[in-house]
Amino acid sequence: MTETISQGLAKIKGEAFTALPRDLYIPPDALEVYLDAFEGPLDLLLYLIRKHNLDILDIPMADLTRQYMVYVEKMRAIKLELAGDYLLMSAMLIEIKSRMLLPKPTEIVEEDDPRAELVRRLMEYEAIKLVAQRLDEMPKVGDGTHVASAYFQHISLIKPPEVSLNDLTEAWRHVLKRASHFQHHKVGRAELSVREHMSMILRRLKSERMLEFTQLFDVASDGIPKLVVCFLAILELAREGLLRITQQQAFSPIYVQINGDE
Amino acid sequence: MSETSNIRELKNVLEVALLTSHQPLSLDDMLRLFAERMERATLRMLLDELRQDWAERTMELVQVASGYRFQAREEYTTYLMRLNPEKQAKYSRAVMETLAIIAYRQPVTRGDIEEIRGVTVNPNVMRQLQERDWVDVVGQREVPGRPSLYATTKHFLDDFNLRSLAELPPMEAFVQTEI
Amino acid sequence: MSETSNIRELKNVLEVALLTSHQPLSLDDMLRLFAERMERATLRMLLDELRQDWAERTMELVQVASGYRFQAREEYTTYLMRLNPEKQAKYSRAVMETLAIIAYRQPVTRGDIEEIRGVTVNPNVMRQLQERDWVDVVGQREVPGRPSLYATTKHFLDDFNLRSLAELPPMEAFVQTEI
């Protein structure tokens with residue numbers, strides 16, 4: 001049993017699970033990932049139906065509801081915020097189950113089956129799920145289909161869109177507003193010039209491959225602040241692993257090159 | 001005086017235009033290439049010849065929803081993928097299912113999508129699809145709140161190598177498994 | 001067992017790669033196409049042959065600063081300009097935000113941008129910025145996949161009337177008042 005569990009768990013981001021641990025014992029950490037693999041209550045129900053090989057046209061409501069509730073309880077225990085849509089479904093399942101307990105008319109017309117609506121939704125969702133997979137697998141532009149895009153020398157007859165500095169800062173403001181992890185991040189002038197120098201140094205090393213450390217500084221024409229910024233940029237590039245800085249032995253020249261360049 | 005003296009020359013112009021265009025060219029686009037008037041039938045014939053000229057070569061001339069384009073033959077995909085190991089991030093299941101619902105059930109509202117998937121639609125999902133230009137708003141449903149109606153775009157068809165929605169893979173009915 | 005059996009096949013792979021690439025390909029890029037090791041000298045020879053194969057045709061294989069590319073022969077420019085690829089009058093929000101991120105956070109990878117914006121970067125967005133010559137590739141980050149690092153260009157500064165990035169409006173003010 002444990003073996004099937006781990007097999008199933010290993011495939012979490014890929015296809016639907018092939019094995020469900022019958023006893024539902026899953027290490028708590030794994031459970032979270034496991035439940036995350038479901039796209040919602042319908043997905044979970046479909047999974048249970050498939051797993052237990054239940055007949056979708058004649059769903060044993062008691063069984064299904066019980067199994068479903070076990071999962072929902074687990075979810076409630078660890079991920080309360082997830083439970084909203086799932087709880088709604090629990091209510092629906094219980095309602096269907098109780099309606100089925102009511103005395104039936106002698107002749108059951110199919111539309112009267114309290115399960116009909118649920119079955120219709122499950123079938124529709126499964127059909128969508130399958131075509132979504134197909135769409136995902138289809139080769140598409142940017143992922144498997146490569147379209148011609150050779151170059152030609154544009155003569156600028158068409159005016160490209162005009163963009164003001166204001167538009168740009170406005171865009172940046174939007175980004176900041178959305179990216180919550182940027183909340184405390186300040187981008188000041190000092191940091192910007194370091195970032196600019198980082199790009200400049202990379203560009204230079206791309207064309208000249210290897211430079212002696214001192215060549216990166218124009219001591220004659222750059223003022224002290226600029227030299228410092230340049231030095232900070234080199235440190236930052238080294239920290240991000242973008243540069244390789246080498247020295248054969250103490251006091252010999254220090255060489256700087258792009259990391260990964262032969 | 002004809003500016004393009006012969007068929008070879010006309011085909012060359014079409015070839016250059018198609019090889020350098022980043023997006024499919026419609027017949028109207030291509031007619032604009034020539035200063036002189038050209039019949040659509042002539043253009044179609046030229047395109048057909050061009051496709052045959054490339055039949056044994058590296059690229060193929062295909063037709064998608066918004067027009068014609070050259071694309072690499074499938075057998076080269078393995079090589080080309082190596083060029084950009086920086087893989088395009090895969091879309092999540094939520095994104096693909098939402099796309100599928102819009103593609104197969106369009107036009108739909110967010111409410112419709114939520115009804116089918118049984119979960120709330122994350123606004124980020126719609127944003128991704130709209131930014132990719134696969135989906136856009138085509139109107140509002142005339143009910144309280146006038147919710148937006150979403151549909152797939154021509155660009156979606158182009159990107160998925162389709163000429164029309166009719167070419168989408170067919171929806172399969174629920175299959176009872178044996179397992 | 002060699003995956004590419006002969007010179008014709010090797011040249012075909014190069015041709016496809018060059019015709020479908022948005023930007024010039026460096027020798028290193030092209031060496032990555034092949035699973036097997038190839039000498040630079042061999043590659044140069046193949047490129048030379050490829051250039052000759054196209055000598056009488058519509059495109060020419062040229063070498064520019066950052067590598068090789070196919071480009072339309074000059075004589076076709078008149079035709080191509082008529083196509084007038086109706087450039088949109090405005091850049092989309094995705095384009096502007098991506099540009100802003102590159103400007104303020106450079107050098108960044110596509111992954112960085114995706115992380116900040118929370119959505120996949122549409123390849124078209126990067127292309128627009130590169131076509132406008134506002135953004136280019138300045139290197140690769142040494143992590144698996146060696147993703148390209150993007151930065152803004154001198155041309156970007158010119159177009160925005162800036163002498164250096166330090167002249168971009170600082171953002172402290174916004175952040176503090178905003179959230």
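Every chain is numbered from 1 and lettered A, B, ... according to where its sequence line falls, protein lines coming before strand lines.
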Heavy-atom closest pair, residues A/Ser199 and C/Pro107: OG-N, 4.2 Å
Part of C/Met96 lying under 4.5 Å from any heavy atom of chain A: both
Partners meeting side-chain hydrogen bond (donor to acceptor under 3.5 Å, both in side chains) with C/Ser26 (sequence neighbours left out): C/Asp29
Residues forming a side-chain hydrogen bond (donor to acceptor under 3.5 Å, both in side chains) with A/Asp218, sequence neighbours excluded: A/Ser221
Closest heavy-atom pair and its distance - C/Gly139, A/Lys206: N-CD, 4.4 Å
C/Glu142 side, atom CD; A/Ile258 side, atom CD1 - distance, nearest 0.5 Å: 9.0 Å
Spatial distance of atom CD1 (C/Ile102) from atom CZ (A/Arg195) [nearest 0.5 Å]: 12.5 Å
Atom group of C/Thr98 that falls short of 4.5 Å from chain A, counting heavy atoms: neither
Contacting moiety of C/Gln23, where chain A heavy atoms sit under 4.5 Å: neither
Closest approach of A/Leu202 to C/Val138 (non-hydrogen atoms, all atoms of both residues): CB-O, 3.5 Å
Option in C/Val143, C/Val16, C/Asp136, C/Leu99 with maximal non-hydrogen atom pairs under 4.5 Å from chain A: C/Asp136
Closest heavy-atom pair and its distance - C/Ala166, A/Glu196: N-OE1, 4.1 Å
Interface moiety of C/Ser164 toward chain A, non-hydrogen atoms closer than 4.5 Å: both
